Structure formats: structure tokens, C-alpha cells
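For reference, the structure discussed in these notes is given below.
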Amino acid sequence: MFSRMLSAFGIGGPSVDTVLDSPHAAPGQPITGQVRIQGGSSDAEIGQVVLSLVTQVEVERGGFGGDDEHGDVAEFFRMVVQQGLRVPAGQLVSIPFQLPVPWETPITAVGGAALPGLSVGVRTELIVAGAPDKGDLDAVLVAPLSSRNKVLDAFGQLGFSFRSTDVEAGRLPGVPHELGFYQKLEFFPPAQFAGRVNQVELTFVANANELHVVLEADRRRGGFSSGGDTTDHLRLSHQEAQVTDWTAAISGGLAQVAERGHGRDPQSRPLRVTPGYRVRRPGRGRATADDPCGRCCVTPRPWSTRVRGRRQRT
């Protein structure tokens, strides 16, 4: 009886250790491993063994238009791997698992190197008598999809310098989301755009069939409030992203942004990703069931959509 009472306070109860087959992961591919539960000083009845994926998410505070952001650890996927488990005293119980990784999971490593300031982890919970015990957290390195790597390779070839990354709560306008956040990868532009473009933000939103690439260039020209941002949104299949000339697309689009910052007509030249890819600008499309804003790609061919202003937040 005394040992059962101690277990209720977490003393002498079962302990948990999750062992991953590999610390490396990728969106759309499962994480595999075992949950190992070591029995305590008395038998234990565990209601559920739960695995979840967590990351840090920046949430804007201070009301509409506020710029104060606070980081919270957010769970974005959850799976019960075992229910109604009895763990005998002193014995080891192992539970194999396959944990799906959502397509929108943030990237935390490129080329095998971890990105600073952001992590994704597998959290293990034992729920005993309805009370969760968050006993284990294992970090994983999430690599980009091969279609995303093509874009990142182009950034490197053009001379962009990585600045930082974070995950922000909210949704991008005109982009379908499964999760309630998106990741920003921030870069300093190449030297030839110094003084005309301050930084470029890159966001990927993917699903099993397609990849959305959102590029936002900060073209402020002196004062903090002058210049503004320009955003390009491209929607492609993963196969199309593999064969797109991203070096030409990104350098050409950034050149247009720099020209607009120096008084050129913003309608003077369309951005062309590859021959036959056209630009659709705001206000020229019609709303449909698939495209309620009337600005985004609703055809099988990828388009570039330029929109003005800041991202929407929830």
C-alpha cells in the first residue's frame, strides 16, 4: 500500500526512455524507435503511452499591430502508441513505434548541420490515472525535402547569407495550411543588392503533392517605414520544383524588387520562373472555391503571385 502511495507522487513509479532508431528525420517520412518503460517498485497500470512532436512557436503579443513576440513550446502532432498497459514491478517493457512526420514540420538541419535557434523534439508521455507525466524529450534533426533543397541550393549559389529562422503562429494568405504556423528562413541578400534590399525571407509550405514557396523581400530604402515588403508565391508539384531554374527565378525576382525600390514601374517586367510560367497580380483573378482570395494558383501550372503588405496572423 505504501509503495502505491509513493507511486501516486511519482516516487518509485515506472520510468520511460524513448530510443530513436535515428536522430534524423524528414517531412512525410516516419520516425521509428522504441518506448522503453522500466517498472518501478510496484506494478503500474498505464492508461496511455503518447508520443508527440513539439517545437518553439513565436506568438505575437500586445494586440493588433503589436511587435512583441513570445516563444512558446507547441505540440503539432500527437499519437497514442499503446493503451491499457500493465508494467510489472522491476520489469522492462518495450513498445516499437512509427511516428508520422507532418509535411509542414519545420526544417532544423541543412546539409547535416543544425540550424541555430530552432529545434523539433519527440515528447513521450505516460498517462497514469488520467494524469500525464511528460518524462522524455528527444531532439530530431529535420532535413528539407529534395524539392526544398533545390531552392536552398540556389540561395547558396547566389551568395545569400543565412541570418536566422523561427516559427510563427498564423497562416499565410492564399496558402493552404495543415498546421497553425509557418517557418521563416531569413537571409541577407548578395552584395550586389546591398542598400536596396535589406533581407529576404523564405517560407516553404508542403503537402504530399505540391510545394508552396513564398519569398518576401524587405526593400526598405532608409527609414524603417519606407519601401515596404514584396512577396512572391509560387505553387508547384515536387517534380516541377526539382527541374525549375531557381537560380534564375530568384535572382530575376530580386532584381525587380531592387528596381522598384529605385522608382521603376512595378508593372514593367513580369517575373518568369521558366518559359511559359506567367505572373498573376492581385486583383486580376476571380475568387473560386479553391481560391477564395482570387489571387493564387488554382490551375495545375505553377504561377507567381505578387501580393503587398504583411502576413496575416491568427
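Everything quoted here is computed from the prediction, not taken from an experiment.
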Nearest 0.5 Å, what's the [atom1]-[atom2] distance between [X] and [Y]?
X	Y	atom1	atom2	answer
Glu201	Thr203	CD	OG1	7.0 Å
Leu236	Lys150	CG	NZ	12.5 Å
Leu215	Leu234	CG	CG	7.0 Å
Arg148	Leu152	CZ	CG	9.0 Å
Leu115	Ile107	CG	CD1	7.5 Å
Ser52	Arg123	OG	CZ	4.0 Å

Quiz item: How far apart are the C-alpha atoms of Gln38 and Ser15, what are their side-chain angles, what is the distance that settles it, and do they pass the side chain to side chain donor-acceptor pair (under 3.5 Å) test?
Solution: CA-CA 5 Å; Gln38 178 64 52; Ser15 60; over 6 Å; no

Self-check item: Val50 vs Leu126, side-chain contact (heavy atoms from CB on, under 4.5 Å): CA-CA, chis, key distance, verdict
Solution: CA-CA 6 Å; Val50 179; Leu126 300 183; over 6 Å; no

Self-check item: Stepwise salt bridge (charged side-chain N to carboxylate O under 4.0 Å, His left out) check, Arg171 with Glu178
Solution: CA-CA 10 Å; Arg171 298 174 183 270; Glu178 176 188 359; over 6 Å; no

Practice problem: Apply side-chain contact (heavy atoms from CB on, under 4.5 Å) to the pair Leu118 and Val167, showing each step before the final yes or no. | Solution: CA-CA 8 Å; Leu118 183 64; Val167 175; 3.8 Å; yes

Quiz prompt | Pairs flagged by side-chain hydrogen bond (donor to acceptor under 3.5 Å, both in side chains) wherever residues 108-120 is involved - sequence neighbours left out | solution = Gln56-Ser119

Judged by modelled atom types alone, do [X] and [Y] share a side-chain donor-acceptor pair under 3.5 Å?
X	Y	result
Gln242	Ser146	yes
Gln183	Thr165	yes
Glu186	Ser164	yes
Glu210	His212	yes

Quiz prompt | Donor-acceptor pair, side chain of His238 and main chain of Leu211, under 3.5 angstrom | solution =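 Judged by distance alone, no pair lies under 3.5 Å.
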
Quiz item: Under the 3.5 angstrom rule, does the side chain of Asn207 hit a backbone N or O of Asn209 as a donor-acceptor pair?
Solution: yes

Do you know which two heavy atoms are closest between [X] and [Y], and how far apart they sit?
X	Y	value
Ala114	Leu141	CB-CD2, 3.9 Å
Glu104	Leu179	OE1-N, 3.2 Å
Ala169	Val59	CB-CG2, 4.2 Å
Ala217	Val197	CB-CG1, 4.3 Å

Using distance only, find each side-chain donor-acceptor pair of residues 80-101 under 3.5 Å and give its atom names and separation, not counting sequence neighbours.
{"residue": "Gln83", "atom": "OE1", "partner": "Gln48", "partner atom": "NE2", "Å": "3.4"}
{"residue": "Arg86", "atom": "NE", "partner": "Glu45", "partner atom": "OE2", "Å": "3.3"}
{"residue": "Arg86", "atom": "NH2", "partner": "Asp43", "partner atom": "OD2", "Å": "2.4"}

Quiz prompt | Val54 and Phe76: CA distance, side-chain angles, deciding distance, side-chain contact (heavy atoms from CB on, under 4.5 Å) verdict | solution = CA-CA 6 Å; Val54 297; Phe76 61 93; 5.5 Å; no

Quiz prompt | Partner residues of Ala143 under the side chain to side chain contact (heavy atoms under 4.5 Å, CB included) criterion, sequence neighbours left out | solution = none

Quiz item: Less than 4.0 Å between a side-chain N and a carboxylate O, is that true for Glu125 and Arg78?
Solution: yes

Quiz item: Linking I/L/V/M/F/W/Y whenever any side-chain heavy atoms sit under 4.5 Å apart, do Val110 and Trp246 land together?
Solution: yes

Quiz prompt | Linked, directly or transitively: Met79 and Ile46 (ILVMFWY side chains, under 4.5 Å) | solution =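 Met79 clusters together with Ile46.
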
Self-check item: CA sep, side-chain torsions, deciding dist, call: Phe160, Phe188, ring pair (Phe, Tyr, Trp, His ring centres under 6.0 Å)
Solution: CA-CA 6 Å; Phe160 284 85; Phe188 292 115; over 10 Å; no

Self-check item: Residues forming a ring pair (Phe, Tyr, Trp, His ring centres under 6.0 Å) with Phe162, sequence neighbours excluded
Solution: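 Phe162: ring pair (Phe, Tyr, Trp, His ring centres under 6.0 Å) contacts with Phe187.
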
Less than 4.5 Å apart, side chain to side chain, heavy atoms only: is that true for [X] and [Y]?
X	Y	result
Val200	Asp218	no
Val73	Thr55	no
Phe181	Pro106	yes

Self-check item: Audit row: Val57, Asp72, side-chain contact (heavy atoms from CB on, under 4.5 Å) steps and yes/no
Solution: CA-CA 5 Å; Val57 177; Asp72 292 324; 5.6 Å; no

Side-chain donor-acceptor pairs of residues 20-30 under 3.5 Å, sequence neighbours excluded:
{"residue": "Asp21", "atom": "OD2", "partner": "Thr32", "partner atom": "OG1", "Å": "2.7"}
{"residue": "Ser22", "atom": "OG", "partner": "His24", "partner atom": "N", "Å": "3.1"}

Practice problem: Could you work out the complete set of other residues in the hydrophobic cluster of Leu145, with links drawn between I, L, V, M, F, W and Y side chains under 4.5 Å apart? | Solution: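 Trp103, all in the cluster of Leu145.
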
